[in-house]
2 protein chains.
Amino acid sequence: MMHFEELINTIKERRKMLRVTQESLAELSGVGLRTLKQFESGKGNPTLLTLQKLADVLGLEVCLKLKNVSRSK
Amino acid sequence: MMHFEELINTIKERRKMLRVTQESLAELSGVGLRTLKQFESGKGNPTLLTLQKLADVLGLEVCLKLKNVSRSK
DNA sequence: TCAAATAGAGCAATATAATGCACTATTTTA
DNA sequence: TAAAATAGTGCATTATATTGCTCTATTTGA
């Protein structure tokens with residue numbers, strides 16, 4: 001899924017920016033380390049709850065925004 | 001989960017604004033009708049893929065944004 | 001450079017999301 | 001206000017997300 005990557009990168013970059021390891025983020029968020037590893041490495045299709053838990057610790061939140069309609073793509 | 005509701009409402013309202021029934025949205029998105037019903041009725045914890053499929057048809061996209069840090073809440 | 005820290009993956013068990021079917025409840029509309 | 005359309009739920013099955021354990025690969029820093 002093309003759009004997954006954007007979310008993955010946001011999480012990954014944000015985590016690194018905050019200098020948090022996968023292990024720490026897993027603990028802090030209550031998400032299993034294995035689950036986080038899978039998500040960040042592009043395997044996996046997390047549940048909304050899992051994504052929210054991760055985002056929350058990183059000071060992010062999941063949202064829905066209008067797609068850019070006028071793209072010539 | 002408090003924050004789920006916001007996402008649910010966004011989906012639900014957007015769907016209604018576009019005058020699309022659950023049945024249509026389910027078909028168009030490729031998500032099972034049962035799954036959509038559960039999500040909109042507040043039961044359920046959809047996978048990111050499911051959420052994206054629904055959002056996509058409605059002209060929305062899942063994103064991560066910075067949380068409002070300075071809230072006295 | 002090489003040892004420690006961090007990240008990724010195989011395997012297997014368990015929890016739960018996704019789904020369809022059939023039915024009920026609610027809403028819409030003629 | 002009654003019929004039709006739309007939305008919500010119980011039950012059961014299947015698919016798959018989550019998890020821990022263990023091991024390997026990669027990255028980092030002294």
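Numbered from 1 within each chain, the chains take letters A, B, ... in sequence-line order.
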- prompt: Of the non-hydrogen atoms in A:F4 and A:G44, which two are nearest, and what is the gap between them?
  reply: CE2-O, 3.7 Å

- line: Comparing B:P46 with A:Q38, nearest DNA chain C nucleotide closer to 5' gives the residue A:Q38

message: What range of DNA chain D does chain B touch, first nucleotide to last, counting atoms under 4.0 Å from its heavy atoms?
response: D:dT6 to D:dA17

- request: Return no unless some side-chain N or O of B:T47 is found under 4.0 Å from OP1 or OP2 of C:dA18.
  value: yes

- line: Heavy-atom nearest pair, B:C63 first then A:C63, reads SG-SG, 2.5 Å

message: Per the side-chain hydrogen bond (donor to acceptor under 3.5 Å, both in side chains) rule, what does the pair list look like for residues 9-19 of chain B, sequence neighbours excluded?
response: B:R15-B:E40

- request: Identify the heavy atoms of B:L48 and A:N45 that sit nearest to each other, and give their distance.
  value: N-OD1, 3.4 Å

Considering all heavy atoms, the nearest B:K53-B:G30 contact: NZ-O, 4.3 Å

- request: Take the protein atom CG of B:L36 and the nucleotide atom C1' of C:dT19, then report the distance between them rounded to whole Å.
  value: 13 Å

message: What is the separation between atom CG on A:L51 and atom P on C:dA17, rounded to the nearest whole Å?
response: 15 Å

field: Minimum side-chain heavy-atom gap A:L51-A:F39 below 4.5 Å
entry: yes

task: Measure the shortest side-chain to side-chain distance between B:K67 and A:D56 over non-hydrogen atoms and say whether it is less than 4.5 angstrom.
output: yes

Under 3.5 Å, N/O pairs linking protein and nucleotides 21-29 of chain C:
none

query: Base, sugar-phosphate, or nothing for A:T21, non-hydrogen atoms under 4.0 angstrom?
result: sugar-phosphate

task: Round to the nearest Å and state the distance from A:I8 atom CD1 to C:dA7 atom P.
output: 15 Å

task: Answer yes or no: is there a side-chain heavy-atom contact under 4.5 Å between A:E27 and A:T21?
output: no

- request: Please round to the nearest 0.5 Å and tell me the distance separating atom CG of B:L36 and atom OG of B:S41.
  value: 9.0 Å

task: Look at the side-chain N and O atoms of A:S41 and state whether any lies under 4.0 Å from the OP1 or OP2 oxygen of C:dA7.
output: no

- request: Name the residue closer to the 5' end of DNA chain D, choosing between A:T50 and B:K16 according to the nucleotide with the nearest heavy atom.
  value: B:K16

task: To the nearest Å, give me how far apart NZ (A:K43) and C1' (C:dG10) are.
output: 12 Å

